[in-house]
Every structure is written in C-alpha cells, then in structure tokens.
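Working notes, structure below.
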Amino acid sequence: MRNFGLSIREKSIVCIGFMGVGKTTVGKLLAQKLYRSFVDIDEEIEKFYTMPIPKIFEIHGEQAFRAKEKELIVKYSQRPLNIISVGGGAFLQKEIQDICMANCIVLFLDISWESWKERIHILADNRPLLQGRSLEDIEMLFLERQRIYSLNHSKFQVDHFEAEEAADYLADALKLSWEINAPQPK
Ligand SMILES: Nc1ncnc2c1ncn2[C@@H]1O[C@H](COP(=O)(O)OP(=O)(O)OP(=O)(O)O)[C@@H](O)[C@H]1O
Ligand SMILES: O=C(O)C1=C[C@@H](O)[C@@H](O)[C@H](O)C1
Ligand SMILES: [Mg+2]
C-alpha cells in the first residue's frame, strides 16, 4: 500500500523507546484521546504465534520474531491514522527505521536509567532480553539502545509523568502542531 500525499495529521504515530518505557500503556491512551486505532506490534506477533514473547524466542528464535516484527511494521506503518507501539528492539532494523521515518511521525518515549530501574521488577517476566542479565548488563543495553532511538521526529521524557498525564500532554502537543501546520485558507 502506498500513502503518498498523507498530510501530517493523517500520518500514523509510531511510539519507540526502551522496553518498559510505556509505549503500550501511553500509546493506547493516546489513541483513545485522538480517536485513533491502536496497534501494538508485540501483541500482533503474540497473536500470530499464539504464544507469549518469551515462548516465541524459545521455540522459534529471535530471528523469526524480528522477521515477523518487520513484516507487521511495514504493513501498519503505511496505513493512516493509527497509533503504533513497536517493540523496544524494532529500530535495530534499518528497514523499519526508514519506513517509519518516511511514512509516520516517530515519537521517542525516553526515560532516565534511574527511573527505569524502578520498573524492572514488573518487566522481567515477559521480556526475554531482560532474563538472566545482571543490572549492569541491562544498563549497558539501555545505553546502547539510546543510539537507535535518537532517530525520531519528536521526543518526550516520561520520567515525571503518570501514563495518563503523558498521554494528555502528547495529545495536546500533537493537536497544537497540527493546527500550526494546517493549510491556511486563501
Ligand atoms: N508513565 C508511567 N509511569 C509509571 N508506570 C508506567 C508508566 N508507563 C507505563 N508504566 C508501567 O510500566 C510497565 C511497562 O509499560 P509498557 O508495557 O507500556 O511498556 P512498553 O514500552 O510497551 O514495553 P515493551 O517494549 O516491552 O513492549 C507497565 O506495568 C506499565 O503499567
Ligand atoms: O527491546 C527488545 O529487543 C524487545 C522489546 C519488547 O518490546 C519485545 O519486542 C521483545 O521482548 C524484544
Ligand atoms: Mg509494549
């Protein structure tokens, strides 16, 4: 599907950022506030394989997971008016970066390591890349990943916001930018 000619307010918004930053939680709320459909790529992959992500990694391997992740993002990123939360590792693939940057508004949800550490106990069970790693290793991964997320159209620091507050702020900021960029009547 080609989407040449989509205006900025029609483009889908892609939420990127480290696992656990809140892409799913905030993305879902943002979709409600903007009356858009919400797509969570991790959830779509789980539906396809009919099993949770750690099992997919265990049975099919990370490569198969990444291939399905790319296929789904290529499909959804070309559709208008969605809020799409992608997995924390999606931007490791250049093709995904390119297609999202070209077709969507890429929104980087950022968090400091200090704040992220507070969430680790609620994350580890369903994130295979956190399992069996020391806190130092995870911090290294966190810092490495900052580089891939630096490719974005807009960044929001979530540290001091509850999910609902973050979604409110983002919805207002997006609406304002759409108004500013709207074509003026002649
Ligand atoms: N702003 C926030 N403040 C506090 N807790 C939050 C916030 N946003 C999300 N959370 C909590 O952090 C956990 C992880 O959030 P979520 O699943 O949305 O992250 P994610 O970025 O989608 O992770 P992944 O990349 O692994 O899919 C959830 O338990 C969620 O309730
Ligand atoms: O950061 C990552 O590489 C991942 C993040 C999650 O969203 C899932 O996509 C999966 O656990 C891999
Ligand atoms: Mg998620």
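Atoms within each ligand, like the ligands themselves, are counted from 1 in listed order.
- Nearest heavy-atom pair, C100 versus I73, reported as atom, atom and distance to 0.1 Å: SG-CG2, 3.6 Å.
- Under the 4.0 angstrom criterion for non-hydrogen atoms, V21 is in contact with ligand 1.
- Under a 4.0 angstrom heavy-atom cut-off, L109 registers as lying outside contact with ligand 1.
- No more than 12 heavy-atom neighbours from other residues, nucleotides or ligands sit within 6.0 angstrom of NZ on K70.
- A donor-acceptor pair is defined here as one N or O able to donate and one able to accept, closer than 3.5 Å; no such pair exists between the side chain of R127 and the backbone of M19.
- Taking the charged nitrogens against the carboxylate oxygens, E62 and R66 do have a contact shorter than 4.0 Å, which makes a salt bridge.
- Proximity of L170 to V26: side-chain heavy atoms (C-beta onward) are separated by under 4.5 Å at one or more points.
- Here the protein heavy atom with the shortest distance to atom 2 (C) of ligand 1 is R119 NH2, 3.2 Å.
- In this structure, ligand 2 sits under 4.0 Å from heavy atoms belonging to M19, D42, I53, F65, R66, G87, G88, G89, P128, L129, R145.
- For atom 31 (O) of ligand 1, the closest heavy atom belonging to the protein is T25 OG1, 4.1 Å.
- Of the protein's non-hydrogen atoms, I122 CD1, 3.5 Å is the one closest to atom 29 (O) of ligand 1.
- Near E162, with a cut-off below 4.0 Å to any heavy atom, the atoms of ligand 1 are 1 (N).
- For A163, the heavy-atom gap to ligand 1 drops under 4.0 angstrom.
- Side-chain contact check for Q146 and D110: at least one donor-acceptor pair (N or O, by modelled atom type) lies under 3.5 Å.
- For atom 23 (O) of ligand 1, the closest heavy atom belonging to the protein is G20 N, 2.7 Å.
- Note on T24: counted as a metal contact of the Mg ion (ligand 3), an N/O/S atom lying under 2.8 Å.
- Atom OH of Y169 has 12 or fewer heavy atoms from other residues, nucleotides or ligands within 6.0 Å.
- Considering NZ of K155 and CD1 of I16, their distance stands at 11.0 Å, rounded to 0.5 Å.
- Regarding atom 26 (O) of ligand 1, its nearest protein heavy-atom neighbour is R127 NE, 2.7 Å.
- Where the criterion is an N or O separation shorter than 3.5 Å, residue side chain and backbone included, L123 fails it with respect to ligand 1.
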Quiz item: Step by step, would you call E44 with V39 a side-chain contact (heavy atoms from CB on, under 4.5 Å)?
Solution: CA-CA 8 Å; E44 294 296 312; V39 181; 4.0 Å; yes

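- In terms of protein heavy-atom proximity, atom 27 (O) of ligand 1 is closest to D42 OD2, 3.2 Å.
- Using a 4.0 Å cut-off to heavy atoms of G88, the atoms of ligand 1 that qualify are 25 (O).
- Here the closest heavy-atom approach between residue R36 and residue N82 is recorded as NH1-O, 3.7 Å.
- Of the protein's non-hydrogen atoms, K23 NZ, 2.5 Å is the one closest to atom 25 (O) of ligand 1.
- The shortest N/O to N/O separation between G22 and ligand 1 falls below 3.5 Å.
- Residue S85 places every heavy atom at 4.0 Å or more from ligand 1.
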Quiz item: Could you go step by step and tell me if D40 and T24 meet the side chain to side chain donor-acceptor pair (under 3.5 Å) rule?
Solution: CA-CA 7 Å; D40 189 274; T24 299; 2.6 Å; yes

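- With contacts defined as side-chain heavy-atom distances shorter than 4.5 Å, the pair K117/E139 does not qualify.
- By the 3.5 Å distance cut-off applied to N or O atoms, F161 is counted among the residues near ligand 1.
- Aromatic rings of F91 and Y149 (six-membered ring for Trp) have centroids beyond the 6.0 Å cut-off, not under it.
- K55 forms no cation-pi arrangement with Y49, by the criterion of a distance under 6.0 Å to the ring centre and an angle within 45° of the ring axis.
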